[in-house]
Amino acid sequence: MAMLGMPMAGPRVRLAPFEDAHVEPLRAACAEDPEIWEIYPVSMVGAHFDPSLRFLRALPGWTMFAVFDGHGKEGAAGRLVGMTSYIPVPGADDAIEIGATYIAPEVRGGPFNAEMKQLMIARAFAQGHAAIQFRIDTRNTGSRRAVEKLGAALVEVRTADLTTWTGYVRDTAVYRLGSAPAPSNNSN
């Protein structure tokens, strides 16, 4: 499973293990859409950026990546446009979550996100995970549609699941993508 944290690249997307050199470019990318952070568990803009990033980087078992647009203006390396992570799923050793994802507006809502997720999904399955989980704020309809297009199935909605940095108590839509059919939960 140690291979999860290795770099990945597709025709346009490049994922690199998150390093200190990525901090300032990530700060700039996160500042491109300050309003989006209202629906995230943490804020990555302004005075919130440094403590939130320290928090995310310290979470046990998380594998964090810097996300690069390979077609960026910064040469072959591309421009850092966001972050994403593999996250352990408590009690499910054969599953891994893909989450804590942010990508700048210029690459959001199109083939870039699909390519990024497909790279991560392929790596996770190749490393022996039987299922991929996505946990999304129910208000985030764009992200929900994106994982549905990847073939993930809604398995449950957890009401009052998480209190965000704004104090909002969110409901979380939990999606699953795996080789076996997703279990049905009719409590939504």
Side-chain angles (χ1 to χ4, degrees), residues 1-8 13 15-19 26 36-44 48 51-67 82-103 113-188:
M1 302 296 176
M3 296 291 296
L4 280 177
M6 298 296 292
M8 292 176 257
V13 175
L15 302 172
F18 196 86
E19 300 174 352
L26 179 62
I36 195 78
W37 297 103
E38 293 296 317
I39 63 170
Y40 274 74
V42 299
S43 173
M44 297 287 287
H48 300 283
S52 293
L53 183 60
R54 273 192 303 276
F55 171 74
L56 292 174
R57 291 180 82 180
L59 289 167
W62 284 42
T63 304
M64 188 173 174
F65 293 93
V67 179
M83 64 182 182
T84 192
S85 297
Y86 286 119
I87 303 166
V89 176
D93 290 341
D94 66 339
I96 192 87
E97 179 181 347
I98 296 174
T101 301
Y102 166 83
I103 52 176
N113 185 45
E115 182 181 325
M116 176 183 67
K117 293 286 196 305
Q118 288 165 349
L119 285 168
M120 295 182 77
I121 290 165
R123 167 75 54 85
F125 285 150
Q127 292 301 305
H129 291 284
I132 311 295
Q133 178 176 285
F134 303 93
R135 293 182 323 119
I136 304 168
D137 188 315
T138 56
R139 300 172 294 167
N140 192 340
T141 57
S143 289
R144 293 180 69 184
R145 282 193 307 271
V147 300
E148 289 166 358
K149 286 179 185 176
L150 293 170
L154 179 66
V155 293
E156 70 176 307
V157 173
R158 297 177 183 164
T159 57
D161 181 52
L162 182 96
T163 302
T164 70
W165 70 277
T166 65
Y168 180 82
V169 180
R170 85 174 204 186
D171 296 339
T172 301
V174 179
Y175 287 84
R176 181 181 185 277
L177 177 66
S179 55
S184 176
N185 184 334
N186 294 325
S187 65
N188 343 346

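Because the structure is a prediction, the values reported are computed rather than measured.
Environment of OH in Tyr168: crowded, with over 12 heavy atoms of neighbouring residues, nucleotides or ligands closer than 6.0 Å.
Shortest non-hydrogen contact noted between Met8 and Tyr86 is CE-OH, 3.8 Å. Taking every heavy atom of both residues into account, Val13 and Glu115 meet most closely at N-OE2, 2.8 Å. In terms of heavy atoms, Leu4 sits closest to Ala124 at CD2-CA, 3.9 Å. Considering every non-hydrogen atom in both Leu177 and Phe134, the closest pair reads CB-CE1, 4.4 Å. When all heavy atoms are compared, the tightest approach of Ser52 to Val42 is OG-CB, 3.7 Å.
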Apply side chain to side chain contact (heavy atoms under 4.5 Å, CB included) to Ile96 and Gln127, showing your working. CA-CA 11 Å; Ile96 192 87; Gln127 292 301 305; over 6 Å; no

Practice item. Could you check Leu56 against Phe18 for side chain to side chain contact (heavy atoms under 4.5 Å, CB included), going step by step and ending with a plain yes or no? Key: CA-CA 11 Å; Leu56 292 174; Phe18 196 86; over 6 Å; no

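Between Val174 and Leu154, every side-chain heavy-atom pair lies at or beyond the 4.5 Å cut-off.
Listed by first and then second residue, the salt bridge (Lys or Arg N to Asp or Glu O under 4.0 Å) pairs that reach into residues 116-138 are Glu97-Arg135, Arg135-Asp161, Asp137-Arg139, sequence neighbours excluded.
Residues satisfying the side-chain contact (heavy atoms from CB on, under 4.5 Å) criterion with Thr138, sequence neighbours excluded, are Arg144, Val157, Asp171, Ala173. Residues meeting the side-chain contact (heavy atoms from CB on, under 4.5 Å) test with Ser43, sequence neighbours left out: Trp37, Val45, His48, Trp165. Residues that satisfy the side-chain hydrogen bond (donor to acceptor under 3.5 Å, both in side chains) test with Thr166, not counting sequence neighbours, are Thr164. With sequence neighbours left out, Ala92 forms a side-chain contact (heavy atoms from CB on, under 4.5 Å) with Val89, Asp94, Ala95.
For the atom pair CD1 (Ile39) and CG (Asn140), the distance works out to 3.5 Å, reported to the nearest 0.5 Å. The CD atom of Gln118 sits 9.5 Å away from atom CG of Asn113, with the distance rounded to the nearest 0.5 Å. One finds the OG1 atom of Thr101 at 7.5 Å from the CD1 atom of Ile87 (value rounded to the nearest 0.5 Å). Note that CE of Met116 and CD1 of Ile121 are 10.0 Å apart. Values are rounded to the nearest 0.5 Å. Separation of atoms CG (Leu53) and CG (Leu26) is listed at 6.5 Å; rounding is to 0.5 Å. Once rounded to the nearest 0.5 Å, the distance linking CD1 of Ile136 with OG1 of Thr141 reads 10.5 Å.
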Give every donor-acceptor pair under 3.5 Å between a side-chain atom in residues 57-67 and any protein atom, sequence neighbours left out.
residue	atom	partner	partner atom	Å
Arg57	NH1	Asp20	OD1	3.0
Arg57	NH2	Asp20	OD1	3.1

